[in-house]
Every structure is written in C-alpha cells, then in structure tokens.
J.: 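First the structure, which I've put down as structure tokens, then a few questions once you've had a look.
Positions are given from 1, in the same order as the sequence printed here. In what follows, every heavy atom counts, from backbone to side chain, and hydrogens, waters and symmetry copies are set aside.
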Amino acid sequence: IAVNSTITESGGGNLLIATSGDGSDITTSATISEAGAGNLTVQTSGTNSNLSFNANVTGSGGGILTLTSGNSASSITLGTGAVVSGDVVTANTPVLNLGGNSTLRATGTGALLTVQSNAVDFKLDVSMASGATIVSNTGNVTFNSSAQSGEIDITGGPANGTITANSGN
C-alpha cells in the first residue's frame, strides 16, 4: 500500500491501516493523523513485510500508536526527517531503522515507548542515523520485554542518534 494522500481521523474512532501476506509493504509519503481519542494502528504481516514512513505520523488525544511490521526479514523505517509520535507508542518489528534527523516519540504524560521484536527469537536490531532520536517525553523507553526477551543490537552511538527517557530526568 502506498499512502500518497493525507489521512486524518479526528472523531475519536480508531484508525487502522493494514496489509497481510508475504511482501505486503506499507509506504507513506503523506501525513497520517489520529487526532481524536482513538488508537492509530499501522501494520503488515507475513515475511518481508515492511513499514516505511517518509512523512509524519501522529497519534494524539490519549490513544495508542501501534506500528507492526512482519515478523521475519521485515522492518520499520523512518525516513530522513520523519516524525512518528503518539501519546503511547509501541513498535513491533525485528528491525527498526531511523533515518537522519528522524524521531520516534511518546508524548503522553508518563507514556511508555516500547520497541519489541516480533521475530521468532525476539532478536532486535535498531539502527540510528545522524540526528535520529527515540524519546519518551515523560515516561520510559523499553526494548524487548522480559517475557519476550532476545538479543538487542543498537548501532549509531551518541554521534549518530540519541535515546532519551523521561525527558532525560
């Protein structure tokens, strides 16, 4: 699915953008927004099924932003400068790629930002380009839960990306 036109839901309902099957990708070049009290979910399923965000995605109003790629040979990618944010954010993927100056952010009060691998072995690879950020304004940032733990590799380092929880406090 290619999202080339702005999608906005503001009435408080849930917004779901989904594909299924091997190789079923979702790529955005236009803004996606859930401004009501509902949840925003963007998901693919199957092998080699990727999410690519080349424009901003915003979930606000108290809902949950959930991003889910396929579980094998799949990834979530934030393109250069893309901002993907929600009051609470959950990203389920074996590979998370953040392009230059891109941001994955939880904005809600005390909100959790979770990055969880959905691979069979729960291995998680996170790659951060220059200026990329993963941040929770006032809550925690977690990678893989203890119930679904696996190897976690984060590349990029301080010069190439930052991870901040609770606004650095």
J.: Would you confirm whether N140, through its side chain, and A165, through its main-chain N or O, come within 3.5 Å as a donor-acceptor pair?
T.: no
J.: Are Q116 and T142 side-chain neighbours, meaning at least one heavy-atom pair lies under 4.5 Å?
T.: no
J.: Does D125 use its side chain to pair, donor to acceptor, with the backbone of V95 at less than 3.5 Å?
T.: no
J.: Spell out, yes or no, whether I76 and L16 are grouped together once hydrophobic residues are joined by side-chain heavy atoms under 4.5 Å, including indirect joins.
T.: no
J.: Does S49 offer a backbone N or O that forms a donor-acceptor pair with the side chain of S74 under 3.5 Å?
T.: yes
J.: How long is the span from the CG atom in N97 to the CG atom in L51, to the nearest 0.5 Å?
T.: 11.5 Å
J.: Could you grab the distance from atom CG of N101 to atom CG of L78, nearest 0.5 Å is fine?
T.: 12.0 Å
J.: Transitively linked via ILVMFWY side-chain contacts under 4.5 Å: I26 with I64?
T.: no
J.: How far does CG of N39 sit from CD of E9, to the nearest 0.5 angstrom?
T.: 10.5 Å
J.: At their closest point, which heavy atom of D25 faces which heavy atom of T19, and how far apart are they?
T.: O-CG2, 4.2 Å
J.: Are L15 and I32 side-chain neighbours, meaning at least one heavy-atom pair lies under 4.5 Å?
T.: yes
J.: Counting distance only, does the side-chain N/O of T93 pair as donor-acceptor with the main-chain N or O of L96 below 3.5 Å?
T.: no
J.: Please confirm whether the backbone N or O of K123 pairs with a side-chain atom of S117, one donor and one acceptor, at under 3.5 Å?
T.: yes
J.: What is the minimum heavy-atom distance between P94 and A119, and which atoms define it?
T.: CB-CB, 3.9 Å
J.: Nearest 0.5 angstrom please: S72 OG to N48 CG, how far?
T.: 8.5 Å
J.: Using a 3.5 Å distance criterion without hydrogens, assess whether the side chain of D22 forms a donor-acceptor pair with backbone atoms of T47.
T.: yes
J.: Applying the 4.5 Å side-chain criterion to the ILVMFWY set and letting contacts propagate, would I154 and L67 be lumped into a single cluster?
T.: yes
J.: Hydrophobic clusters here meaning ILVMFWY residues chained together by side-chain heavy-atom distances under 4.5 Å, can you tell me if L124 and I163 are in one?
T.: yes
J.: Please say yes or no: joined through hydrophobic side-chain contacts below 4.5 Å, possibly via intermediate residues, are V115 and V135 part of one cluster?
T.: no
J.: Within the distance-only criterion (no hydrogens, no angle test), does the side chain of N54 pair as donor or acceptor with the backbone N or O of S29 below 3.5 angstrom?
T.: no
J.: Starting at CD of E34, measure out to CG of N14 and round the result to the nearest 0.5 Å.
T.: 7.0 Å
J.: How far does CD1 of I17 sit from CD1 of I7, to the nearest 0.5 angstrom?
T.: 4.0 Å
J.: Does some side-chain heavy atom of T77 sit less than 4.5 Å from a side-chain heavy atom of N50?
T.: no
J.: Would you name the heavy atoms of S5 and A30 that are closest together and state the gap between them?
T.: C-CB, 3.4 Å
J.: N118 and N92: which non-hydrogen atoms are nearest, and at how many Å?
T.: ND2-O, 3.6 Å
J.: Taking side chain to side chain contact (heavy atoms under 4.5 Å, CB included) as the criterion, tell me which of I134, V88, T90 meets it with L113.
T.: I134
J.: Keeping T44 on the side-chain end and G70 on the backbone end, is there a donor-acceptor pair under 3.5 Å?
T.: yes
J.: When you measure from the side chain of T31 to the backbone N and O of A55, does any donor-acceptor pair fall under 3.5 Å?
T.: no
J.: List the atom of A111, the atom of D87, and the distance in Å for their closest heavy-atom pair.
T.: CB-O, 2.6 Å
J.: Report yes if the side chains of V42 and T28 come closer than 4.5 Å at any heavy-atom pair, otherwise no.
T.: no
J.: Minimum heavy-atom separation for I152 to F143, with atom names?
T.: CD1-O, 3.5 Å
J.: Whether the side chain of T68 engages the backbone of Q43 through a donor-acceptor N/O pair (distance < 3.5 Å, no angle test) should be reported.
T.: no
